[in-house]
Amino acid sequence: MQIIVSRSFWDRDRVSFWIKWVSSVIQILGYSATAFGITPLNIYLFLVGLIGWFAVGVLWNDRALMLIHLVALGAMLIGMLYE
C-alpha cells in the first residue's frame, strides 16, 4: 500500500526556496543597476533582496545569515538617511 503525503504550499522548505531565489534575482538586478548607474533603483533592489535573505535566515534559524543581512540592512538604511 502506498501512502501519498501531500505537502502544503506553505511548507517552510518550499517558501524558503522561493524567497531565496527571488531575493537572489532581485539582488543580481541591484548589481546590474549599480553597474549601469541606475540610482536610486539599485538601492531599493538591494533592500528588497536583503530583507528576503534575512527572512530565509529566520526560516532556516541560521543566525549567521540573519546577522550579515541585518548588519547590511542597517548600514544601507543609515546611508540612505545621511545621503
Side-chain angles (χ1 to χ4, degrees):
M1 181 174 173
Q2 181 179 0
I3 299 174
I4 298 174
V5 177
S6 173
R7 287 180 30 160
S8 168
F9 177 77
W10 296 108
D11 179 33
R12 181 183 302 216
D13 292 334
R14 185 174 295 192
V15 170
S16 65
F17 172 85
W18 283 104
I19 294 173
K20 173 180 66 172
W21 280 103
V22 169
S23 297
S24 294
V25 169
I26 290 171
Q27 283 192 319
I28 290 168
L29 292 173
Y31 293 127
S32 299
T34 299
F36 290 106
I38 304 171
T39 57
L41 179 62
N42 62 337
I43 299 298
Y44 298 130
L45 290 168
F46 282 130
L47 285 173
V48 172
L50 285 172
I51 291 169
W53 269 104
F54 178 77
V56 171
V58 170
L59 289 170
W60 288 353
N61 196 26
D62 186 331
R63 292 182 183 152
L65 198 56
M66 288 187 282
L67 175 66
I68 192 68
H69 288 93
L70 191 61
V71 169
L73 180 63
M76 289 186 73
L77 291 175
I78 289 170
M80 288 174 67
L81 288 174
Y82 288 104
E83 183 177 291

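Note: hydrogens, waters and symmetry copies are ignored here, and every other heavy atom, side chains too, is used.
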TODO: List the steps, then state whether side chain to side chain contact (heavy atoms under 4.5 Å, CB included) holds for Val58 with Met66.
DONE: CA-CA 7 Å; Val58 170; Met66 288 187 282; 3.5 Å; yes
Open item on the list: If you compare all heavy atoms of Ala72 against all heavy atoms of Leu50, which two are closest, and at what distance to 0.1 Å?
Closed with: CB-CD2, 3.8 Å
TODO: Could you point out which residue of Leu67, Leu73, Ile68 forms a side-chain contact (heavy atoms from CB on, under 4.5 Å) with Val71?
DONE: Leu67
TODO: Nearest 0.5 Å please: distance from the CH2 atom of Trp60 over to the CG atom of Asp13.
DONE: 9.5 Å
Open item on the list: What's the separation between atom CG in Asp62 and atom NE2 in His69, rounded to the nearest 0.5 Å?
Closed with: 10.0 Å
Open item on the list: Tell me whether Phe17 at atom CZ has more than 12 heavy atoms from other residues, nucleotides or ligands lying less than 6.0 Å away.
Closed with: yes
Open item on the list: Check for me, please, whether Tyr31 and Ile51 land in the same ILVMFWY cluster - side-chain distances under 4.5 Å, paths through other members count.
Closed with: yes
Task: Partners passing side-chain contact (heavy atoms from CB on, under 4.5 Å) against Ile43 (at least two apart in sequence or in another chain) - done: Leu47, Met76, Met80
- [ ] Locate the shortest heavy-atom distance separating Asn42 from Ala33; write the atom from each residue and the value.
- [x] CB-CB, 3.6 Å
Open item on the list: Ignoring hydrogens, what is the shortest heavy-atom contact between Ser16 and Val56? Give both atom names and the distance.
Closed with: O-CG2, 3.9 Å
Task: Flag side-chain contact, heavy atom, 4.5 Å: Ile26 against Phe46 - done: no
TODO: Measure from the side-chain N and O atoms of Ser23 to the backbone N and O of Lys20, and report whether any donor-acceptor pair falls under 3.5 Å.
DONE: no
Open item on the list: With clusters defined by side-chain heavy atoms of hydrophobic residues (ILVMFWY) lying less than 4.5 Å apart, directly or transitively, does Leu41 cluster with Val48?
Closed with: yes
TODO: Determine, using the 4.5 Å side-chain heavy-atom cutoff (strictly less than), whether Leu70 and Trp53 are members of one ILVMFWY cluster.
DONE: no
